[in-house]
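A short worksheet on the structure shown next.
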Amino acid sequence: MRTTELLAPTLREIPAEAEVISHQLLLRAGFIRRETAGVYTYLPLAMRVLKKINQIIREEMDRQGGQELLMPIIQPAELWQESGRWDVYGPELFRLKDRHNREFALGPTHEEIITALVRSEVSSYKQLPLLLYQIQNKYRDERRPRFGLLRGREFIMKDLYSFDRDYEGLQISYQKMHEAYTQVFRRCGLRFRPVEADSGAIGGSDTHEFMVLADSGEAVVLFCRKEGCDYAANVEKAAQVIVAAGHGEEPKLLSEVSTPGVHTVEEVSAFLNVTPQKIIKTLLYETEKEVVAVLVRGDREVNEVKLANALGCLHLKLSGADTVRSVTGAQVGFAGPVKLNVKIVADLEAATIVNAVTGANKDDTHLINVSPARDFSIDIVADVRMVQAGEPCPRCGEALIEAKGIEVGQIFKLGDKYSKALGAFYLDESGQSRPVIMGCYGIGVTRTMAAAIEQNNDKDGIIWPAAIAPFQVVVVPISVKEEQQMAAAEDVYNRLIAAGIEALLDDRPERAGVKFKDADLIGYPLRVTIGAKSLGSKQVEVRVRKTGEVLMIPNDELENRIGELLGGL
RNA sequence: CGGGAUGUAGCGCAGUUUGGCUAGCGCGCUUGCCUUGGGAGCAAGAGGCCGGGGGUUCAAAUCCCUCCAUCCCGACCA
């Protein structure tokens with residue numbers, strides 16, 4: 001391919017709409033253009049990258065026994081009503097009607113379709129297990145599409161569904177996908193971690209998210225710093241380790257103190273001269289069923305995902321000032337568990353604090369020397385708080401480290417949720433009808449492309465890992481008017497192509513600086529420069545994008561050395 | 001959905017406060033000359049429903065109403 005034939009419109013300035021680096025660079029380097037919020041056209045350079053990622057995915061899925069198919073994007077409402085998700089999925093589901101006023105959804109995911117397929121085509125244990133996947137556009141009407149390709153409304157996703165006879169089979173399929181995903185992201189040249197994640201109030205037991213570590217990530221992950229310990233979890237999931245309370249403290253006399261205008265933990269701590277560790281923070285939450293009081297230590301934060309799981313509720317929200325007053329009788333900042341007439345959920349840690357400070361459910365008043373059991377009863381004790389960096393690893397006890405991550409993949413054990421809802425049963429050897437046991441496994445392809453940029457860039461532009469670069473080498477003649485240079489450039493280009501290396505010849509009649517800037521911006525791993533400097537010599541000048549290093553390679557070793565270099569990038 | 005901001009040429013912006021000459025600048029684009037190892041220079045050009053609609057006015061990019069779009073923060077996210 002020659003640059004004069006390639007549609008790769010680079011921009012000198014950063015479009016005002018782009019905030020995160022991957023979005024800026026994808027626009028500037030001519031990979032994507034926005035059509036409307038969260039919807040993009042992928043230009044030829046992006047398409048080449050996506051094809052490579054897809055190819056890697058296909059190879060790894062197929063290696064594990066996956067079979068590719070293609071399902072419809074337009075899905076009938078009836079199927080979604082059958083699974084119950086027509087209502088549950090909410091406004092995020094794009095809906096449309098046909099000319100007969102029949103309702104449809106644009107597929108945000110394909111559990112319904114694939115389960116419907118399996119229920120009609122699979123009827124015997126002999127047909128199981130099955131691993132079926134597709135790579136296709138997905139549609140989710142995000143409330144707030146943002147960050148370019150990191151959160152779009154239309155995006156490309158690989159989704160695989162596993163069908164097994166039982167949970168043991170599911171475990172095997174799950175492990176296969178765990179391995180496949182590890183290989184996919186490794187081959188894409190990404191620094192990532194599989195992390196334990198929360199599976200939600202309903203649904204399967206296990207789930208892992210594959211996180212690309214990057215500061216722009218929306219997810220917070222905690223992982224163990226100890227070499228060899230592979231504990232890593234989404235902050236929503238990370239379990240707290242109970243450090244032995246250790247205070248064999250005797251409960252002292254409960255008493256009330258006046259604390260005018262002292263609301264926050266910091267204020268209480270300073271005013272009463274107690275550490276936040278001795279304060280029990282009481283927060284009121286409303287679920288679809290009830291109001292609950294949640295107790296956590298003063299220096300901790302409530303983890304709403306864990307809380308929802310502990311309560312077995314679907315929706316959860318922090319109560320407003322009105323509810324707080326009607327439940328506690330006091331303004332916000334003075335709630336406490338003593339004599340409070342709602343369900344009380346205490347965090348594991350908070351439940352052990354003796355002689356604590358709490359709100360008194362009375363304006364401008366706190367209680368001191370509050371002790372659980374004696375002064376109030378707890379309905380549920382559970383891990384309902386956020387774990388913070390520095391806390392012990394649940395597996396080995398070493399300190400946890402916090403990092404931001406971009407979720408590029410998730411593997412999930414569904415169990416029989418969809419097979420039962422949609423009626424996908426098979427007959428076992430004894431002729432008994434059983435639900436197919438399912439798993440689902442997604443990779444955000446377009447998000448992976450953006451994540452790769454988030455992780456691999458510098459002030460000059462993108463630095464593609466060689467495996468997914470749009471072209472592996474760009475050949476730049478300094479002056480296309482110099483016949484000798486052009487002839488040399490053509491020769492190098494042809495040799496690289498013949499050697500199976502994806503080369504691009506920058507034959508534009510531009511000045512060298514312009515071509516260099518574009519090459520850096522687009523991020524080809526290697527650049528071969530053909531100019532007066534090296535023309536007469538027996539060496540070819542090769543520059544490594546990642547390091548800026550310039551190598552003089554003997555002409556007759558060119559193909560081999562470039563192949564070697566690419567292998568290391 | 002709550003809060004904030006912005007819509008003027010392909011991109012980045014000025015002009016709007018205080019209505020008034022033919023709507024500007026930089027980059028990019030076209031043509032020519034010149035130049036050619038990190039976004040050169042000179043010259044001549046093309047390119048605008050000033051987001052849409054309605055209103056006020058002798059006169060609207062500018063004031064008013066309304067709709068739309070885009071971005072940011074938050075909430076939300078199988």
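The figures that follow rest on heavy atoms only: side chains count, while hydrogens, waters and symmetry mates do not. Below, chains carry the letters A, B, ... as their sequence lines are ordered, and counting in each starts from 1.
The same atom, C1', is picked in B:G48 and in B:A14; the two are 15 Å apart, to the nearest Å. With C1' as the reference atom, B:U8 and B:C50 are 4 Å apart, rounded to whole Å. Only the C1' atoms considered, B:G45 is 37 Å distant from B:A5, to the nearest whole Å. Annotation: B:U56 and B:A44 have their P atoms spaced 45 Å apart (nearest Å). Rounded to the nearest Å, the gap between the P atom of B:G51 and that of B:C1 is 25 Å. Across the P atoms, B:G24 and B:G47 are found 14 Å apart, a figure rounded to whole Å. Here the separation of B:C29 from B:C71, taken at their P atoms, is 27 Å to the nearest Å. Nucleotides B:C63 and B:G15 place their P atoms 12 Å apart, quoted to the nearest Å.
Partner assigned to B:G38 is none, using Watson-Crick or G-U wobble distances below 3.5 angstrom. For B:U70, the paired nucleotide is B:A5, the pair qualifying as Watson-Crick or G-U wobble because both relevant distances are below 3.5 Å. Applying the Watson-Crick and G-U wobble criteria (two distances, each under 3.5 Å), B:C29 pairs with B:G45.
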Expected rows: protein N/O vs nucleotides 75-78 of chain B N/O, under 3.5 Å:
unit_1, atom_1, unit_2, atom_2, d
B:C76, N4, A:Arg146, NH2, 3.3
B:C77, O2, A:Arg151, NH1, 2.7
B:C77, O2, A:Arg151, NH2, 3.1
B:A78, N7, A:Arg140, NH1, 2.8
B:A78, N7, A:Arg140, NH2, 2.6
B:A78, N6, A:Arg140, NH2, 3.2

What's touching nucleotides 23-25 of chain B from the protein side, N or O pairs under 3.5 Å?
none

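Checked by distance alone, A:Lys481 brings a side-chain donor or acceptor within 3.5 Å of a matching partner on the base of B:U35.
The side chain of A:Arg511 lies closest to B:U36 when the candidates are B:G39, B:C73, B:U36.
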TODO: Using a 4.0 Å heavy-atom cut-off, write out nucleotides 7-12 of chain B from 5' to 3' as B (base contacted by protein), S (sugar-phosphate only) or - (no contact).
DONE: ----BS
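By the 6.0 Å and 45° rule, A:Arg527 stacks over the aromatic ring of A:Phe516.
Contact check, A:Ser479 against B:G37: no side-chain N or O comes under 4.0 Å of OP1 or OP2. Taking 4.0 angstrom as the limit, A:Arg12 places none of its side-chain polar atoms (N or O) nearer than this to OP1 or OP2 of B:C27.
To the nearest angstrom, P of B:G39 lies 10 Å from CZ of A:Phe516. In this entry the distance linking CD of A:Gln539 with P of B:G37 reads 21 Å, nearest Å. At whole-Å resolution of the value, CG in A:Leu521 and P in B:G39 are 15 Å apart. Look at CE on A:Met552: it is 17 Å from P on B:G37, rounded to the nearest Å. Straight-line distance from the CG atom of A:Asp506 to the C1' atom of B:G39: 13 Å, rounded to whole Å. As rounded to whole Å, 14 Å separates atom C1' of B:U36 from atom CZ of A:Arg508. In this entry the distance linking NZ of A:Lys515 with P of B:U35 reads 18 Å, nearest Å. Taking atom CD on A:Glu19 and atom P on B:U70, their separation rounds to 17 Å, with Å as the unit.
More than 12 heavy atoms of other residues, nucleotides or ligands shown are found within 6.0 angstrom of CG on A:Asn555. The number of heavy atoms from other shown groups lying within 6.0 Å of NZ (A:Lys420) does not exceed 12. Counting heavy atoms of neighbouring residues, nucleotides and ligands inside a 6.0 Å radius, atom CD of A:Glu103 exceeds 12 of them. The neighbour count for A:Glu483 CD, taken as heavy atoms of other residues, nucleotides or ligands under 6.0 Å away, does not exceed 12. Atom CD1 of A:Ile74 has 12 or fewer heavy atoms from other residues, nucleotides or ligands within 6.0 Å.
Heavy atoms of A:Arg28 sit under 4.0 angstrom from at least one base atom. Using a 4.0 Å heavy-atom criterion, one finds that A:Arg527 contacts the bases of the nucleic acid, with or without backbone contacts as well. Using a 4.0 Å heavy-atom criterion, one finds that A:Thr529 contacts the bases of the nucleic acid, with or without backbone contacts as well.
Panel note: side chain A:Ser534, backbone A:Ser537; no donor-acceptor pair is recorded below 3.5 Å. Between the side chain of A:Tyr139 and the main chain of A:Arg95, no donor-acceptor pair closer than 3.5 Å is present.
Partner of A:Glu112 under the salt bridge (Lys or Arg N to Asp or Glu O under 4.0 Å) criterion, chosen from A:Arg85, A:Arg119, A:Lys417: A:Arg85. Screening A:Arg447, A:Arg144, A:Arg151 for a salt bridge (Lys or Arg N to Asp or Glu O under 4.0 Å) involving A:Glu218 leaves a single residue, A:Arg151.
For A:His23 and A:Phe31, the distance between ring centers is not under 6.0 angstrom.
A:Tyr441 and A:Tyr181 have perpendicular rings, their planes meeting at more than 60° on a 0 to 90° scale where under 30° would count as parallel.
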Open item on the list: Checking A:Tyr161 against A:Asp159 for the side-chain hydrogen bond (donor to acceptor under 3.5 Å, both in side chains) test, could you report, in this order, the C-alpha distance in whole Å, the side-chain angles of both residues, the deciding distance, and whether it holds?
Closed with: CA-CA 7 Å; A:Tyr161 304 87; A:Asp159 45 326; 2.6 Å; yes
